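Just so it is clear, the structure is predicted and the values come from calculations on it, not from any experiment. Only heavy atoms go into these numbers, but all of them, side chains included; no hydrogens, no water, no symmetry mates.
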Amino acid sequence: MRVFFPDGGSREFPEGTTALDAAASISRSLASKALAARVDGVVTGLSEPLRDGVRLEVLGFDSPEGREVLRHSASHLLASAVLHLYPGARFGVGPAIEDGFYYDMDIPGFPGSSALEAIEAEMHRQAAESIRFERIEVGIDEARRVMTDLGQAYKLELLDEIAAAGESVTLYRCGAFTDLCRGPHVPTTAFLKHFRLTSVAGAYWRGDEKREMLTRIYGTVFDSSKALADHLAMLEEARKRDHRKLGPELGLFTTGNEGGCGLIYWLPNGTIVREELENLWKAAHRRNGYNLVSTPHIAPASLWETSGHCSYYRDNMYFMPVDETEYVLKPMNCPGHILIYKSEKRSYRELPFRLAELGTVYRYEKSGVLHGLMRVRGFTVDDGHIFCTPDQIVDEIRKVVSFALYFLQVFGFGYAIELSLSDPDDMGHYAGSPEMWARVEPALADALDGMGEKYRTVRGEAAFYGPKIDIKLRDALGRYWQGPTIQFDFNIPERFDLTYTGPDGGEHRIYMVHRALFGSVERFTGNLIEHFAGNFPGWLAPLQVVILPLTVQQHERAAEVCGMLADRGFRCSVDRRNETIGYRIRAAESRKVPMMLVIGEREAGSGRVAVRAHGRGDLGVFELEEAVGLIEEACRRPALPEGGRSLSEIP
RNA sequence: GCCAAAAUAGCUCAGCGGUAGAGCAGCGCACUCGUAAUGCGCAGGUCGUGGGUUCAAUUCCCACUUUUGGCUCCA
C-alpha cells in the first residue's frame, strides 16, 4: 500500500504498517518525537494500521494535537495509578488542558495532597513497564456492561448521554485500567516520562454545584525533561512575581484577617502607585472628552429596583437600613451616572455625553473565590458611560477601543480582543429590540475592522443587556488577564427611559455604552505588580531615588541633594544607616528603587554623584545636573493620548 | 458556598503532649567603609480565635476566622 506525506512524497509499505512504523522508516528522530498521527486530516493513534492511499502526518509535542494526546494519555496513567493504589476509585472525566491534564475521581480513603508523591511514583513505575494503550471499539450495550462490572457509575452516566447520540463507543485499556474514551492515545505508557503532579482540588461532577464533589488531581507532562524543568521554572518565576507576595513585601497593600476578607488596605507605598495611576487616568479621560463625576456609595434600594439589579444581582449586593428605608451599598456605578444624565433634559447637541468616575463598589463574592487584589469584595471600577445617538456608535466604539489600547501600550501589555455577540437562535431572552441588536452588533465589528485590529468573534457570549468587546491583556510571562471591557446596554436606557431631544424636536431613545479600561484599579495594579515583577517604571515607583552617603562625613551633602530632588518633585530619601555601602545598596536593590546616588568623599568635594540604576548597576560618576537628567528620564510620566478632544459643547 | 490544605516573632521557617527556637528585618555599640549581606550585643511570641480531652495542649479533637489550590462565579 502507498502512504503520502505532507511534503508531497509517498512511499510503499506492507499491509498492517502503523503510523509509528512509517515514521520509523523515515527517520529515527521522527519516530522518537512522534506522539500521534494525522491520517487524512483525522488525529489518530500511532498504533493504528494505515490504509492504502492515506495522507500521513506525524504529530509531535510541537503540534497542539500531539501535546493534547500526550497530556490526555498522562491523565489515563494518573487514573491507572490511582486505581492501583485505591482499588475502589471511581472515575469522572480526565481531559488534557492547557499546560497539562487532570482527572476527576471519587477516591475512597484519599488522604489529600500528601498522596501525590506516592501516586506519581506509581505512575513512573507503570510508565517504565511500557503498558500498551489498547483501543477497543464496542457497542453501547457492551460498554455499559463493562462499566457496570467495573462499578463505574459516572462512566455509565456519560454513556447514557452518548447513547442518546446513538453511536458506538471506544474503550481504552491500559493494564488494569479501562476507560471510556474517544482517544487517541500514545501507543504505550513508555511515551510518558516527563510529568509532575501539581495539585489536588475539589471539583463538582459535571461542574454542577448540586452534584457530588470529586477529587481532581492536576498534573503536567512534557516530551523532554528540559521542557518539564523549564515549565516548572516558569511556575517558580510566576510565584516570585505573585502580587500577594510582592504586595506586602514592598509595602503596597495588606488584606484579610481583622481587616475582613476580600478588602484591601492600601499602605503608603501602594497608595503612591495607585495615585499615580489614577492621576494618569483622570488626565487622560479629561483629555479624551469625559466629564469626571462622583457618586455616593449608598443609594435607596428603589433605585436598584428600577435598574433591575435588585432582581438579577441581589445575591451580590449588601443591603442596609437607613431611617425607614432600605439602602444598597453600590455594586456598580451605572445608576448613579444615569441620574446625572437625567438631571436635565439632554439635547442631541451635547452628545456624545461621556461620564467617568473612579467609583468604589462593593459586591458580595463567595469566600472561596477571593484572590489577592484580583478578586475582592470592595474595589474601584474605572467606570465610564457614554450616551450617544445611534449614528455616533461606530465612532465612539473606535475611540474607546483606541483609548483602552493607549493604556495597555503605556504599560507594555500585549492584548487579544474578543467580540461577544448574541445567539441568533435565542433572541428571545435579550433586552432591547432585535432591530437595535441588528444595528449595533455590526457597528462593533465595523469599529474594530476600521481600526485594523484583529479580534475573535464569540457568538452567544453577549450579556443579556447587550453585546460587548473584551480585551485580554498579556503580561510579561505570557499569561492572559481580563482587562478592558466595553459593553453595550439596551436594558438600562429602557428601564430609566433615557432619551434625548433630536433635531426634529422629538424625544429619542439614547444608546448607552459601559466601559472600564483598567477593569478595576485593584486588579489592574495586581496585574502591574506581576507584569513588572515589582520593578515599577520610575514614575510609578513609590520611592524613586535613594541617596547613599558613603560615610557620616557625607550626610550633610546627601541631605542637600535629597532636598534639591524633593524640590523638583522626586520621591527620594537618604539611607543614613550605620551600615556598609554594600549593605545599603543591596537594601535599595531589594526595595526595587529605580535610582541610587552614592556620595563619597570624592563626589562630595566635586559637586558630583555616582549614579546606580536598579538592575543595571553602576552607571559612573556624573555632575549633579546630569544625574538629575538621568533621574528625570527614568521617572518621566507617560504622554497623554494623542489627538485629545475637548468636552462636548454645552449649548 | 463546596472539596482539599494551611495559620508559630515584621518576614521565611523549625519544634508537635511537659507553657518556644533559628535566619533575615528592627534597635544599640564598635568599625568609617567605594557599588547586592562588617562584627558583637539586645529586644521581639497568651504558638489565628473560642471551646473540649488531659495532671499538663503550640502539639490531640470540635467550631469559628483568615489564607492557599481548585469547582462554581466574576471587574
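Mapped onto RNA chain B by nearest heavy atom, A:Arg216 and A:Arg584 fall at different nucleotides, with A:Arg584 at the one closer to the 5' end. Along RNA chain B, the nucleotide nearest A:Val552 and the nucleotide nearest A:Glu579 are compared for position; the residue whose nucleotide lies closer to the 5' end is A:Val552.
Relative to the ring axis of A:Phe319, A:Arg314 places its NZ or CZ within 45° and under 6.0 Å from the centre.
Under the Watson-Crick or G-U wobble criterion, with both distances below 3.5 Å, B:G28 is paired with B:C40. Both distances falling under 3.5 Å, in either a Watson-Crick or a G-U wobble arrangement, place B:G1 opposite B:C71. Pairing for B:G18 goes to B:C55, judged as Watson-Crick or G-U wobble with the two contacts each under 3.5 Å. The pairing partner recorded for B:U65 is B:A7, the criterion being a Watson-Crick or G-U wobble arrangement whose two distances lie under 3.5 angstrom.
With hydrogens and angles ignored, a donor-acceptor pair closer than 3.5 Å exists between the side chain of A:Glu603 and the base of B:G34.
Using the six-membered ring where Trp is involved, A:Phe411 and A:Phe413 have ring planes that are tilted, between 30° and 60° apart. Under the 30°/60° scheme for interplanar angles, the aromatic rings of A:Tyr103 and A:Phe91 are found to stand perpendicular. Ring geometry for A:His385 against A:His337 counts as perpendicular: the plane angle is over 60°, on a 0 to 90° scale with 30° as the lower cut.
With distances taken from any side-chain atom of A:Met213 to the nucleotides B:U32, B:C3, B:C71, the minimum falls on B:C3. Side chain of A:Tyr204, nearest nucleotide from B:C33, B:C71, B:A36: B:C71. Closest to the A:Tyr364 side chain, of the nucleotides B:U35, B:G1, B:U32, is B:G1. When distances run from any side-chain atom of A:Arg577 to the nucleotides B:A75, B:G34, B:A25, the shortest one goes to B:A25.
Residue contacts shown for A:Val381 are absent, as no nucleic acid heavy atom lies under 4.0 Å away. Counting any heavy atom pair closer than 4.0 Å across all strands shown, A:Gln553 reaches sugar-phosphate atoms only and no base atom.
With centres under 5.5 Å and a plane angle under 30° as the test, the ring of A:Tyr583 is not stacked against the base of B:A36.
We find that NZ of A:Lys366 is positioned 6 Å from C1' of B:U72, with the value rounded to whole Å.
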